[in-house]
2 protein chains.
Amino acid sequence: MIGRVQPSPVPAAAAVDEAPGAAGMPRDPWALEEVGVLARETLGERVTAELRALLVAGRLAPGEKLSLRRVAEALGVSMMPVREAVSRLAADGALEVLPGRAVRVPVLTLAQFRELTRLRLVVEGFAAEEAARKATPDQLARIAAHEAAFRQAASAEAPDSAGAVAANRDLHFALYEAAGMPSLVEMIERLWLKAGPILNLDMRHEPRRLKGGRAMQEHEKLLTALRRGDASAARAALEADIGAAAAHIEQTGQLKESD
Amino acid sequence: MIGRVQPSPVPAAAAVDEAPGAAGMPRDPWALEEVGVLARETLGERVTAELRALLVAGRLAPGEKLSLRRVAEALGVSMMPVREAVSRLAADGALEVLPGRAVRVPVLTLAQFRELTRLRLVVEGFAAEEAARKATPDQLARIAAHEAAFRQAASAEAPDSAGAVAANRDLHFALYEAAGMPSLVEMIERLWLKAGPILNLDMRHEPRRLKGGRAMQEHEKLLTALRRGDASAARAALEADIGAAAAHIEQTGQLKESD
DNA sequence: CCAACCTAACTGTGATCACAGATCACGACA
DNA sequence: TGTCGTGATCTGTGATCACAGTTAGGTTGG
């Protein structure tokens, strides 16, 4: 069910407020150069972003079926933008459309999950190395902030599972963006889109499980490695983090056995 | 212009002939299990595949503008499937849709091309290692066949540029599929989709340029490494192949300087 | 009481229409 | 002669309608 979608479908096209009215009297050419191109966000992109967020956050469970019409109704838009969004996500493998049936969140095979994990180790490990070499102090501070947020959310008396998931995601992607390679970040986003539903669904379900303690350790090692500019240590810490999470998922047995 | 699109737009829906008529009298249940689900290919997927093929083959030049209506007319379909195809390809970065203007093949910045090359070295290098470990004799034979085809097409008196491009693509992807990791292959396809237009447009333009000789050397080294199961040698050969091609592209100066 | 059929609701897919915005070319004014 | 305004044309985007296929539920026959 898509019922509990983010409750802000109505003010859809109200985000582009800074349109500078008419362009009458260009007396001050400097001011016009600073406004940027005011990127118009199409409805389809908006729906795509919405679904992506739900997927990486694990709020759409594997096997859950989606209906174009219901999603459209829930988001207050026509069926058209939803079709576009689903097309894109299906092309990425983040959703799958059964032949004549419905569109649903893919359920990963054990083999598929293991392949995904190996790819994450290769790609995200490379990103960690690169980030260790090129991260600026400002970026380091931002990563540290997310690490603190994760620690607080995960180690509190009443663990904030949603907050931990979000902080973990922010931490990782702050790291990856520090590598300064946009296409690499997109690549990793695609991997997370596929693995997100299981990974974060589980993390949301049992918040403080060994994932918590282990993740915090590795995050700390990662930070010190980044501060020293030690690429291989950063890679090792990140690989340990990914590996620990993957091992935990595997032993919960939420994965399909064969094809 | 989409004018010189593959000249087979008319027999579009004529490929799914093996529909077993009516399902009257299921006397032989065994036969029914073998037919598979006869994957119905939707029109949108067909158009997507068509455009993908054009892109990786370099038959759509960077900066070339596409029109949904013209592509639809050229392919003999409605505008709808083309929209879906363009949406998917745009999500992959293989096409880009300017805000209010048109959809066009992206023109890579020098920096973007270098990033893409680095990612290819990481990902395709990993695939080569994995293939060296797990390739079966049958897969090795297939790779060798493509290598022979490339050699013949590239070293002939009148070089067959289109054939060389196709053989090169087949060779590489036979290698990557030998790694036995489907998601990895998809990942590499996405990279080729982005880099294909420049890479193969150039290869098509000047067929026997140093790219030819160098590529054949590295392909040969790659094959011997695969036969020995030498993972690091296979990676080295592939990296040399990619690096040589990339260096050649850079020195032709077809890339935008900044953003 | 169980199984098989049959109907009604719902699925994604494709086509067509409507619309705001951008592009481009022609023509008028300075 | 150079430059700006202006209208026709074409762009992608979104909505609505139509359709074939599937699914699920209720009913009927055994």
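FYI, side chains are in, hydrogens and waters are out, and symmetry mates aren't considered; it's all heavy atoms of this structure. As the structure is a prediction and not an experimental result, all values here were calculated from the model.
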Expressed as a whole number of angstroms, how long is the span from [X]:[atom1] to [N]:[atom2]?
X: Glu45(B); N: dG12(C); atom1: CD; atom2: P; result: 14 Å
X: Lys65(A); N: dT23(D); atom1: NZ; atom2: P; result: 9 Å
X: Met79(B); N: dT11(D); atom1: CE; atom2: P; result: 10 Å
X: Leu43(B); N: dA15(C); atom1: CG; atom2: P; result: 6 Å
X: Leu95(B); N: dG12(D); atom1: CG; atom2: C1'; result: 14 Å
X: Glu64(B); N: dT11(D); atom1: CD; atom2: P; result: 14 Å
X: Arg104(B); N: dT23(C); atom1: CZ; atom2: P; result: 12 Å
X: Glu84(A); N: dT13(C); atom1: CD; atom2: P; result: 14 Å

Could you tell me if the side chain of [Y] sits less than 4.5 Å from the side chain of [X], heavy atoms only?
X: Arg190(B); Y: Arg190(A); value: yes
X: Glu124(B); Y: Trp192(B); value: yes
X: Val122(A); Y: Arg118(A); value: no
X: Met181(A); Y: Val185(A); value: no
X: Val103(A); Y: Leu98(A); value: no

[X] side chain: which of [options] is closest?
X: Arg69(A); options: dT11(D), dA24(D), dT11(C); answer: dT11(C)
X: Pro81(B); options: dG12(D), dA15(C), dT11(C); answer: dA15(C)
X: Met80(A); options: dG14(D), dT13(D), dT11(C); answer: dG14(D)

Output a table of donor-acceptor pairs, distance under 3.5 Å, between side-chain atoms of residues 81-91 of chain A and any protein atom two or more places apart or on a different chain; print 'none' if there are none.
residue: Glu84(A); atom: OE2; partner: Arg88(A); partner atom: NH2; Å: 2.6
residue: Ser87(A); atom: OG; partner: Arg83(A); partner atom: O; Å: 3.2

- Item | Under 3.5 Å: donor-acceptor pair, side chain of Glu250(A), backbone of Ala247(A) |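 No; judged by distance alone, with no hydrogens or angles, the pair does not exist.
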When you measure from the side chain of Thr109(B) to the backbone of Ala111(B), do you find a donor-acceptor pair of N or O atoms at a distance under 3.5 Å?
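Checking the backbone N and O of Ala111(B) against the side chain of Thr109(B), no donor-acceptor pair under 3.5 Å is found.
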At a heavy-atom distance below 4.0 Å, what parts of residues 85-94 of chain B sit against DNA chain D?
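Heavy-atom cutoff 4.0 Å gives no residues at all.
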Is any side-chain N or O of Ser78(B) closer than 4.0 Å to OP1 or OP2 of dG14(C)?
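No, Ser78(B) has no side-chain N/O under 4.0 Å of OP1/OP2 on dG14(C).
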Closest non-hydrogen atom pair between Ser183(B) and Lys194(A), with its separation =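 What the structure gives for the nearest pair is OG-NZ, 3.5 Å.
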Which part of the nucleic acid does Thr42(A) contact within heavy-atom distance under 4.0 Å: base, sugar-phosphate only, or nothing?
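Sugar-phosphate contact only - Thr42(A) comes under 4.0 Å of backbone atoms but never of a base.
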Base-pair string, DNA chain C, Watson-Crick plus G-U, cut-off 3.5 Å on both distances, | for inter-strand, is ||||||||||||||||||||||||||||||
Could you say whether Arg83(B) or Leu68(A) is positioned toward the 5' end of DNA chain C, judged by the nucleotide with the nearest heavy atom to each?
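Comparing both residues, the 5'-ward one is Leu68(A).
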